[in-house]
**Student:** 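Below you'll find the structure I mean.
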Amino acid sequence: METKDLDIRDLIPQRDPVRMVDSLLRVEGDVAETCFTVPADNFFLDADGLLAETGVMEHIAQSASAFAGWRTRQSGAETPPVGFIGEVKKFRSHRRPSVGEELHTVVTLLTDFDGILVVGAETQAGGRPVAETQMKVALESER
């Protein structure tokens, strides 16, 4: 299902300057895809102008959050859940993206149990791998 018309601010609680997802592109079952273009004023840029690995991890976490927000909205909730990274496993960085590159991240929901999501994620930019990981995200219950 394409989701391009949704405002990302309705799906994730993060706001500028730390928002790391531009849009949720699609959702198909337990798989979602997001995108993010790295701006020149990004909070996670290193002195060399490249996105730090922590920025890539935050982008992946917010991608999982966008997926969780979409799922929550589908169930009738008005506000997106707040998520916290609980664990990062098997993080592998292939390269660090530069300003202007558009990241595409595919998040696969592996487990959803009692507010804890376990996701696998792969991020690419320009058709080249950036990173992959598994992550646990704890969702805060209704606010």
Side-chain angles (χ1 to χ4, degrees), residues 1-39 41-46 49-143:
M1 165 188 223
E2 288 199 16
T3 59
K4 293 178 188 175
D5 296 333
L6 294 174
D7 187 335
I8 196 66
R9 294 172 296 182
D10 292 336
L11 301 178
I12 62 174
Q14 292 83 2
R15 298 294 180 254
D16 293 332
V18 293
R19 182 183 50 79
M20 299 287 292
V21 176
D22 292 330
S23 63
L24 178 66
L25 299 174
R26 66 179 176 90
V27 174
E28 294 175 11
D30 289 340
V31 178
E33 182 180 359
T34 65
C35 69
F36 176 67
T37 301
V38 180
D41 63 349
N42 186 274
F43 181 79
F44 292 98
L45 289 181
D46 281 344
L50 298 175
L51 190 63
E53 289 175 344
T54 53
V56 174
M57 282 187 229
E58 180 62 23
H59 163 70
I60 292 170
Q62 289 187 29
S63 294
S65 181
F67 189 16
W70 181 85
R71 293 176 70 213
T72 301
R73 295 288 298 238
Q74 294 301 302
S75 70
E78 292 290 320
T79 58
V82 174
F84 303 93
I85 299 172
E87 179 180 35
V88 176
K89 289 174 60 175
K90 302 177 185 177
F91 180 78
R92 182 168 178 205
S93 176
H94 298 283
R95 66 184 187 89
R96 296 180 5 196
S98 59
V99 171
E101 283 194 85
E102 184 176 73
L103 306 181
H104 282 262
T105 296
V106 174
V107 175
T108 303
L109 179 62
L110 303 173
T111 305
D112 178 1
F113 180 75
D114 200 27
I116 305 291
L117 304 181
V118 178
V119 299
E122 295 181 3
T123 301
Q124 295 187 357
R128 294 175 36 219
V130 171
E132 67 250 0
T133 193
Q134 281 188 359
M135 190 176 286
K136 284 184 185 174
V137 179
L139 299 178
E140 187 177 80
S141 55
E142 299 271 332
R143 293 185 265 170

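These figures come from a predicted structure and were not determined experimentally.
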**Student:** Side chains of residues 119-134: which donor-acceptor partners sit under 3.5 Å, not counting sequence neighbours?
**Tutor:**
residue, atom, partner, partner atom, Å
Thr123, OG1, Thr105, OG1, 2.8
Glu132, OE1, His94, NE2, 2.8
Glu132, OE2, His94, NE2, 3.4
Thr133, OG1, Lys89, O, 2.9

**Student:** Who passes salt bridge (charged side-chain N to carboxylate O under 4.0 Å, His left out) against Glu87, sequence neighbours left out?
**Tutor:**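 Applying salt bridge (charged side-chain N to carboxylate O under 4.0 Å, His left out) to Glu87 gives Lys136.
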
**Student:** Looking at Pro97 and Leu103, what are the two nearest heavy atoms and their distance?
**Tutor:**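 Pro97 and Leu103 have their closest heavy atoms at CG-CD2, 3.5 Å.
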
**Student:** I need the Asp7 CG to Ile12 CD1 distance, nearest 0.5 Å.
**Tutor:**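 So the CG of Asp7 and the CD1 of Ile12 are separated by 9.5 Å.
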
**Student:** What is the minimum heavy-atom distance between Leu50 and Ser98, and which atoms define it?
**Tutor:**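 Of all heavy-atom pairs spanning Leu50 and Ser98, the closest is CD2-CB, 3.6 Å.
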
**Student:** Go through the structure and list residues passing salt bridge (charged side-chain N to carboxylate O under 4.0 Å, His left out) with Asp30, not counting sequence neighbours.
**Tutor:**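 Asp30 satisfies salt bridge (charged side-chain N to carboxylate O under 4.0 Å, His left out) with no other residue.
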
**Student:** Between Thr72 (side chain) and Ala68 (backbone), is there a donor-acceptor pair under 3.5 Å?
**Tutor:**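 Present.
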
**Student:** Using only atom types and a distance under 3.5 Å, with no angle test, would you say the side chain of Arg15 pairs donor to acceptor with the backbone of Arg9?
**Tutor:**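 Checking the backbone N and O of Arg9 against the side chain of Arg15, a donor-acceptor pair under 3.5 Å is found.
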
**Student:** Could you go step by step and tell me if Asn42 and Phe36 meet the side chain to side chain contact (heavy atoms under 4.5 Å, CB included) rule?
**Tutor:** CA-CA 11 Å; Asn42 186 274; Phe36 176 67; 3.5 Å; yes

**Student:** Rounded to the nearest 0.5 Å, what separation is found between the OG atom of Ser65 and the CZ atom of Arg19?
**Tutor:**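 Going from the OG atom of Ser65 to the CZ atom of Arg19 covers 12.5 Å.
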
**Student:** Roughly how far, to the nearest 0.5 Å, is the CD atom of Glu102 from the OG1 atom of Thr37?
**Tutor:**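 Here the interatomic distance stands at 4.0 Å.
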
**Student:** Please enumerate all residues that pass side-chain hydrogen bond (donor to acceptor under 3.5 Å, both in side chains) together with Ser63, with sequence neighbours excluded.
**Tutor:**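 Listed in chain order: Thr34.
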
**Student:** Rounded to the nearest 0.5 Å, how far apart are CG of Leu51 and CG of Leu45?
**Tutor:**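 CG of Leu45 is found 6.0 Å from CG of Leu51.
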
**Student:** Could you pull out all residues at least two apart from Glu53 that satisfy side-chain hydrogen bond (donor to acceptor under 3.5 Å, both in side chains)?
**Tutor:**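 With sequence neighbours excluded, Glu53 shows a side-chain hydrogen bond (donor to acceptor under 3.5 Å, both in side chains) to Ser93, given in chain and number order.
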
**Student:** If you define the side chain from C-beta out and look only at heavy atoms, does anything of Asp41 sit under 4.5 Å from Pro17?
**Tutor:**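 They are not in contact (no side-chain heavy atoms under 4.5 Å apart), so the answer is no.
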
**Student:** Does any part of the side chain of Ile85, heavy atoms only, come nearer than 4.5 Å to the side chain of Met135, both counted from C-beta?
**Tutor:**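 Contact flag for Met135/Ile85 side chains = yes.
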
**Student:** Are Ile8 and Asp22 side-chain neighbours, meaning at least one heavy-atom pair lies under 4.5 Å?
**Tutor:**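 Ile8 vs Asp22: side chains apart.
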
**Student:** For Met20 and Phe44, what are the C-alpha separation, side-chain angles and deciding distance, and is it a side chain to side chain contact (heavy atoms under 4.5 Å, CB included)?
**Tutor:** CA-CA 10 Å; Met20 299 287 292; Phe44 292 98; 3.7 Å; yes

**Student:** Using the rule given for side chain to side chain contact (heavy atoms under 4.5 Å, CB included), can you reason through Leu117 versus Leu109, listing the C-alpha separation, both sets of side-chain angles and the distance that settles it, and then say yes or no?
**Tutor:** CA-CA 7 Å; Leu117 304 181; Leu109 179 62; 3.9 Å; yes

**Student:** Find the distance between CG (Leu11) and CZ (Arg73) and round it off to the nearest 0.5 Å.
**Tutor:**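 Going from CG on Leu11 over to CZ on Arg73, the span is 6.5 Å.
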
**Student:** What pair of heavy atoms forms the shortest contact from Pro81 to Gly69, and how long is it?
**Tutor:**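 The answer is CD-CA, 3.8 Å.
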
**Student:** Drop me the distance from Phe67's CZ to Arg26's CZ, to the nearest 0.5 angstrom.
**Tutor:**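 It is 10.0 Å, given to the nearest 0.5 Å.
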
**Student:** Check the pair Asp46 / Arg96 against side chain to side chain contact (heavy atoms under 4.5 Å, CB included), numbers first and verdict last.
**Tutor:** CA-CA 10 Å; Asp46 281 344; Arg96 296 180 5 196; 3.3 Å; yes

**Student:** List the atom of Val107, the atom of Ala64, and the distance in Å for their closest heavy-atom pair.
**Tutor:**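 Heavy atoms of Val107 and Ala64 come nearest at CG2-N, 4.1 Å.
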
**Student:** Does any pair with a residue in residues 110-119 pass side chain to side chain donor-acceptor pair (under 3.5 Å), and if so which ones, sequence neighbours excluded?
**Tutor:**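 Non-adjacent pairs meeting side chain to side chain donor-acceptor pair (under 3.5 Å): Arg71-Asp112.
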
